Amino acid sequence: MRLEKSYQPNKYETSIYSLWEKSGAFLPKSTGNDYSIVMPPPNANANLHMGHALTIAIEDIAVRYHRSKGDRVVFVPGADHAGFETQVVYERKLANEGKSRFDYSREDLYKNIYEFVASNRDIFTSQIRALGASVDWSRFVFSLDEPVVKNAYATFSKMWHDGLIYRGERLVNYCTYHGTAFADIEVLHKEEKGHLWSISYPLVNENGALVVATTRPETLFGDTAVAVNPHDPRYQSFIGKTLKLPLTDREIPVIADDYVDTNYGTGVVKITPAHDSNDFEVGLRHNLQRFSVIDFDGKMTSDRVPKKFRGLTVSQAREAILNELSDQGFIVADEKITHNVGRCYKCDNPIEHLLMDQWFVNVRPLADNAIKAIEEGKIKFYPTIKSKQLKRYYEQIKDWNISRQIVWGIPIPAFQNENAPYDWIYDERVSQETIVVGNMTYRRDPDVFDTWFSSSSWPYMALGYPEGKDFTDFYPLSLMETGVDLLQQWVSRMIMLGLYVTNEVPFKTVYFHGMVTDGEGRKMSKSIGNVLNPMDILNEYGSDAVRIGMISGNTAGKNQPFVISKVVGGRNFCNKLWNIARFTAEQHKTDQENAKLLLNNIADHWIVWRYENILNKYCQLMDAYRFSEAYEIAYHFIWDDLADWYIEASKLQPNVPLLEALLRASLVIAHPFAPFVTETIWQNTSTDSSPLLSGHEFIRLGPADVKRGLDFEKIKEIVVSVRSLKKATGAKKVKLYYHDEPLIAEYGHIIKTLAKLEDVEYLDPGQGITVANNLNCWLDVDQKLIADYLLHLESKISEAKGRIDQLKDRLGNKNYIERAPKDLVEQSRTQAIEAESELEALLQEKVRFDNP
RNA sequence: GGGCGCUUAGCUCAGCUGGCUAGAGCACCUCGUUUACACCGAGGGGGUCGGGGGUUCGAAUCCCUCAGCGCCCACCA
């Protein structure tokens, strides 16, 4: 069939993808080495962003490469319910309709969100298709599917029975706007300007006072002690005495604790165990009571708070209390400082530390196992530095709060005895609000699991653990590919849960890609307004171009600005492939359909020799997860070697069977990077019995005669030199003369065509300008052009001199001769000799023209 | 306060365990109506690899140091 002049991606991509899908090209084969990747499940409700495009590009490149290696590949897609994220989106939608989550019962809200997500499902699946991800859709997993939920329960139950789960009243990071707690790593810390107030707390029954320093005067009503450092000479006499808490009648003790830094503030700290986590620890050590004075809606409550302040928000209360303290003369100083404030990563409201009963996982033993696995080298990290970072994280990891006060998630299968609050039982009947066990009524915990609790089981879950055949065949995963930002949040937990549940690491290799930033290196974020939609770029340049743009120049772990010029480069490459195919198709002759593949001339040997070389290099780079470099290798073979040299040379006498074989071989190596265009070409040109490129193995074309290949390198050298000389002298119509050069005698016609010469003729050694060192051939040029040529010669001469000086220096260095590897020294000697003879030739040439 | 990373051509970046004249894409200059391709072809310009010091026969690559930028962790109230 006839191909159009240029490749139009959007004309083919959709139908190519459905062809792949219909033909079962993405199902694992029955033979070969196992290779498995599970796609990090995107949020089921959101559009894909540039980070997804990068993830999918890398994973799909790896997967398609392994199919071509003959491996038995499975690539499992999925989606995450993304609990909090999705509920936030849904609440925003409700807000637009003038409603809020409080207008619905938990059950109705859950149902509504479920439908909302289901109705959006096509959006992201079609985007994954558009990006060309060769996933097996029949294996699709959603994180609220029954098996996933069951699995989360099994893990929770196992932990429960192993004593790794506990429920306790702890300080949690709480967003009063969103009404839920967060894990420590989910809190965003920002450096902000604030005040450090010094407040005087008078002694009871004697004169004097201690001056505490605080940034949060409004928590004063929750104070249950004041602490000083036990070794602080200033305050020795105060330890054990009693202070009167300002604005109240309450009396609190002065305690001594090493936690207090004598150099910060006044060296005196008010202790508020219910609203500060350090204070919470101090409180535990000193058996202090905990008084909550801020409620879950962010307002001052509790009867500890004087009536006039009750019901105020935290910031209102701060102002009112400061005024009152000031009026009564308690404020001693007001210092402006910068300090870190924890904020909600969604709404930017300050995160409050509030006392709550929550489910925690004791992660210490899990982290220790993970450290062991890392030390034993069971997981390869790209980049390697990440394994150190992860180890450090495990070493200081704290218990994991897995309760979330939202409805969109997996209900926690725990029930509380209505009459005995500390009696909790494990039970999976979460669809019931209450259950009766042993004559006692138990009420379900209204909370759901942290999304990361279920998604951290993704590697084995997606493979149908525990009984699934995929689990037996493909676990541990060959590769987990994800963003550097998820090292702690996800990867650390996958490793811990994988080891805990399956006794094996969940993946053998983990590859972290960096963040995709904008042209100025900033994160893409809605608030800056620099977010790009991969689908827009895809529609303009094609899916293949987007992939190439994403991966070229990209290395593991490094952030990378998205620049459109790389996408343009990718599009151009696709078009180059297309036109190679066009040319090849035009050469095709039906009467020679079954012609044998033979290597006829030196160009044939050269290109096959080149191909076999680059194929090896390409595989090495791919195996080392150096995708960008592998792409470059393929790119230059196809563009430079095949298109610019081989095809140009073969226009004289096309070797059609070889051309066609080279095209097919090129399609296979380009396919991981540019699946759509390569498949489109394959579909339109292949006479192969297996019509689908996807899954086609690498094509071997060798062996070639290396000597003849090298002969062609000489031809190339002559051609390049002639072109350069022609350009330097401005000569248009020139002939090449040669004497006693069999190679030129035989392949003069190739040189003539490639260098656009008038002719190539045999002649006795004569005039004309020398084309190549060590070869008896000359370019016949007009006398008028000689001046230009001499200038050209001068620059060549000084270049050669520079090189000789450099080599002489090196060879004149005794230490170099003695200590450098012998072959390197030998190489330098050869180079020096070559350079000398080249210079000699150039000088002779100059003399020749200087004295005609 | 700790830890880590980056600084290479105009732009965005490669350059693995130190070894030919430091590479790519895009941009730039000159030439080209060669029927595969102007999303092209040919030729070319452009970098003392952030500064300084050290190790080495040899450093963009290893070490130290300074400067600038960035990230992560850390709840000094």
Side-chain angles (χ1 to χ4, degrees), chain A residues 3 5-7 171 173 184-185 187 189 196 212-216 227 259-261 263-266 268-272 276-280 337 339-342 351 353 383 385 388-389 392-393 396 484-485 487-488 514-515 519 521 541 545 548-549 552-555 557-587 621 624 626 628-629 632 635-636 643-644 647-648 651 720 723-728 730 753 755-756 799 802-803 806-807 810 813-821 824-825 827-828 831 835:
Chain A
L3 303 173
K5 223 174 167 189
S6 64
Y7 172 57
L171 277 186
N173 308 292
D184 292 338
I185 53 172
V187 178
H189 291 279
L196 184 66
V212 306
T214 181
T215 55
R216 302 211 55 189
Y259 150 68
V260 181
D261 179 348
N263 295 318
Y264 190 86
T266 58
V268 185
V269 185
K270 67 195 227 21
I271 301 299
T272 323
D276 181 285
S277 45
N278 280 317
D279 294 4
F280 182 88
I337 56 158
H339 62 146
N340 280 319
V341 179
I351 291 290
H353 292 278
I385 190 75
K388 265 192 221 161
Q389 282 178 21
R392 223 182 356 255
Y393 173 68
Q396 53 88 56
V484 276
D485 54 330
L487 176 69
Q488 284 106 325
M515 301 292 96
Y541 294 96
I548 291 169
S552 61
N554 193 316
T555 45
K558 236 181 119 170
N559 289 3
Q560 182 119 30
F562 178 81
V563 281
I564 200 70
S565 71
K566 292 196 291 183
V567 178
V568 171
R571 180 205 52 188
N572 296 355
F573 176 63
C574 292
N575 193 240
K576 179 54 75 172
L577 272 170
W578 184 259
N579 275 287
I580 291 170
R582 241 163 68 97
F583 175 80
T584 307
E586 279 172 17
Q587 305 305 314
L621 289 166
R626 299 162 73 115
S628 170
E629 288 165 78
E632 267 188 44
Y635 174 95
H636 288 294
D644 289 346
I647 286 187
E648 289 308 320
K651 279 178 178 170
V720 168
R723 284 169 176 169
S724 175
L725 286 168
K726 277 178 69 183
K727 188 82 179 179
T753 307
K756 297 199 200 329
E799 209 175 278
R803 205 176 321 143
Q806 199 178 5
L807 287 163
R810 194 176 300 166
N813 182 340
K814 270 185 192 166
N815 288 322
Y816 175 70
I817 306 293
E818 281 162 21
R819 300 190 202 179
L824 200 66
V825 177
Q827 199 184 322
S828 300
Q831 284 169 344

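So that the names make sense, note that chain A is the first sequence line, chain B the second, and so on, each numbered from 1. Since this is a predicted model, take the numbers as computed values, not measurements.
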Peer 1: Give a yes or no on whether a donor-acceptor pair under 3.5 Å exists between the nucleobase atoms of B:U34, that is its base, and the side chain of A:Lys651.
Peer 2: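 Flag unset: no donor-acceptor pair detected.
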
Peer 1: Which part of the nucleic acid, if any, lies within reach of A:Val269 when heavy atoms closer than 4.0 Å are counted: base, sugar-phosphate only, or nothing?
Peer 2: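 Result for A:Val269 = base.
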
Peer 1: Categorize A:Ser552 for me: base, sugar-phosphate, or nothing, with a 4.0 angstrom heavy-atom threshold over every strand shown.
Peer 2: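 If one applies the 4.0 Å heavy-atom cut-off, A:Ser552 turns out to touch nothing in the nucleic acid.
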
Peer 1: Using only modelled atom types and a 3.5 angstrom limit, is any donor from either the side chain of A:Gln560 or the base of B:A14 paired with an acceptor on the other?
Peer 2: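 Donor-acceptor pair under 3.5 Å: no.
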
Peer 1: Roughly how far apart, to the nearest Å, are B:A27 and B:C71 at atom C1'?
Peer 2: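 Taking atom C1' in both B:A27 and B:C71, they lie 30 Å apart.
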
Peer 1: Quick one: is A:Thr555 getting a side-chain N or O under 4.0 Å of the B:A14 phosphate, OP1 or OP2?
Peer 2: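 Checking B:A14 against A:Thr555, a side-chain N or O does come within under 4.0 Å of OP1 or OP2.
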
Peer 1: For a quick check of understanding: with a heavy-atom distance under 4.0 Å over all strands, which category does A:Ile351 fall into, base, sugar-phosphate or nothing?
Peer 2: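 No contact.
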
Peer 1: Taking atom C1' in both B:A14 and B:C72, what distance in whole Å separates the two?
Peer 2: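 About 25 Å, rounded to a whole number of Å.
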
Peer 1: So, does the side chain of A:Lys576 form a donor-acceptor pair with the base of B:C37 at under 3.5 Å?
Peer 2: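 By the distance-only test, yes, there is a pair.
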
Peer 1: When rounded to the nearest 0.5 angstrom, what distance separates NE2 in A:His636 from CZ in A:Phe573?
Peer 2: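 Here the interatomic distance stands at 10.0 Å.
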
Peer 1: Using salt bridge (charged side-chain N to carboxylate O under 4.0 Å, His left out), reason through A:Glu799 and A:Arg803 one step at a time and then give a plain yes or no.
Peer 2: CA-CA 6 Å; A:Glu799 209 175 278; A:Arg803 205 176 321 143; 3.7 Å; yes

Peer 1: Taking the C1' atom in each of B:G46 and B:C28, what is the distance between them to the nearest angstrom?
Peer 2: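 Approximately 9 Å lies between the C1' atom of B:G46 and that of B:C28.
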
Peer 1: Within the structure shown, what part of the strands sits under 4.0 Å from A:Asn813 by heavy-atom distance: base, sugar-phosphate, or nothing?
Peer 2: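 Touches sugar-phosphate only.
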
Peer 1: Within the structure shown, what part of the strands sits under 4.0 Å from A:Phe573 by heavy-atom distance: base, sugar-phosphate, or nothing?
Peer 2: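 If one applies the 4.0 Å heavy-atom cut-off, A:Phe573 turns out to touch nothing in the nucleic acid.
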
Peer 1: Could you check whether A:Lys756 gets within reach of a base, just the sugar-phosphate, or nothing at all, counting any heavy atom under 4.0 Å?
Peer 2: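 Base, at least one base heavy atom under 4.0 Å.
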
Peer 1: If we call it a pair only when both distances are under 3.5 Å in a Watson-Crick or G-U wobble match, what pairs with B:A36?
Peer 2: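 Paired with no nucleotide.
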
Peer 1: Say you pick atom P in B:C49 and the same atom in B:A60; how far apart are they, in whole Å?
Peer 2: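 Result for the P pair: 7 Å, nearest Å.
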
Peer 1: Looking at every strand, decide which applies to A:Arg810 at a 4.0 Å heavy-atom threshold: base, sugar-phosphate, or nothing.
Peer 2: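 Counting heavy atoms under 4.0 Å across all strands, the contact made by A:Arg810 is with sugar-phosphate only.
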
Peer 1: Hydrogens and angles aside, do A:Asn579 and A:Arg582 bring a side-chain donor and acceptor to less than 3.5 Å of each other?
Peer 2: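 There is such a pair (donor and acceptor under 3.5 Å, judged by atom type) between the side chains of A:Asn579 and A:Arg582.
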
Peer 1: Can you work out whether A:Ala728 or A:Ser565 has the more 5'-proximal nearest nucleotide on RNA chain B?
Peer 2: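 Looking at the nearest nucleotide for each, A:Ser565 comes out on the 5' side.
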
Peer 1: Looking just at side-chain N and O atoms, do A:Ser552 and A:Tyr635 make a donor-acceptor pair shorter than 3.5 Å?
Peer 2: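 There is no such pair between these side chains.
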
Peer 1: When you measure from the side chain of A:Ala643, which nucleotide among B:A77, B:A36, B:G19 comes out closest?
Peer 2: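 The answer is B:A36.
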
Peer 1: In whole Å, what separates the P atom of B:A22 from that of B:G3?
Peer 2: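 One P to the other, the span is 37 Å.
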
Peer 1: Should A:Lys558 be listed as having a side-chain N or O under 4.0 Å from OP1 or OP2 of B:A14?
Peer 2: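 Affirmative; the distance criterion is met.
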
Peer 1: What's the spacing between A:Met515 CE and A:Lys558 NZ if we round to 0.5 Å?
Peer 2: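 Reported value, rounded in 0.5 Å steps: 14.5 Å.
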
Peer 1: Reckon A:Gln831 touches a base, only the sugar-phosphate, or nothing at all at heavy-atom distances under 4.0 Å?
Peer 2: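 Base contact.
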
Peer 1: Tell me what A:His353 touches on the nucleic acid: a base, only sugar-phosphate, or nothing, going by heavy atoms under 4.0 Å.
Peer 2: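 Result for A:His353 = nothing.
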
Peer 1: Do A:Lys726 and A:Ser724 pair up side chain to side chain, a donor and an acceptor below 3.5 Å, judged on atom types alone?
Peer 2: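 No pair is found: no donor N or O on one side chain lies under 3.5 Å from an acceptor on the other.
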
Peer 1: A:Asp644 near the nucleic acid: base, sugar-phosphate alone, or nothing, with a heavy-atom cut-off under 4.0 Å?
Peer 2: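 Sugar-phosphate contact only.
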
Peer 1: Would you please confirm or rule out a distance under 4.0 Å between OP1 or OP2 of B:C26 and any side-chain N or O of A:Asn572?
Peer 2: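 Answer is yes, contact under 4.0 Å.
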
Peer 1: Taking any heavy-atom pair under 4.0 Å as a contact, classify A:Ser628: base, sugar-phosphate, or nothing.
Peer 2: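 Answer is nothing: A:Ser628 stays at 4.0 Å or more from every strand.
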
Peer 1: Under 4.0 Å between any heavy atoms, over every strand shown, what does A:Gln389 touch: base, sugar-phosphate, or nothing? Just pick one.
Peer 2: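 Result for A:Gln389 = sugar-phosphate.
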
Peer 1: Mind checking A:Gln396 for me? I need base, sugar-phosphate or nothing, with any heavy atom below 4.0 Å counting as a touch.
Peer 2: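 If one applies the 4.0 Å heavy-atom cut-off, A:Gln396 turns out to touch the sugar-phosphate alone, with no base involved.
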
Peer 1: Would you mind classifying the nucleic acid contact of A:Arg723 as base, sugar-phosphate or nothing, using non-hydrogen atoms under 4.0 angstrom?
Peer 2: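 Counting heavy atoms under 4.0 Å across all strands, the contact made by A:Arg723 is with sugar-phosphate only.
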
Peer 1: What is the distance from atom CD1 of A:Ile337 to atom OG1 of A:Thr215, rounded to the nearest 0.5 Å?
Peer 2: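 The CD1 atom of A:Ile337 sits 6.0 Å away from the OG1 atom of A:Thr215.
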
Peer 1: Check this one for me: any side-chain N or O of A:Arg803 less than 4.0 Å away from OP1 or OP2 of B:U21?
Peer 2: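 Answer no for this pair, as no side-chain N or O of A:Arg803 is under 4.0 Å from OP1 or OP2.
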
Peer 1: Distance between the C1' atoms of B:U48 and B:U8, in whole angstroms?
Peer 2: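 Looking at atom C1' only, B:U48 and B:U8 are 12 Å apart.
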
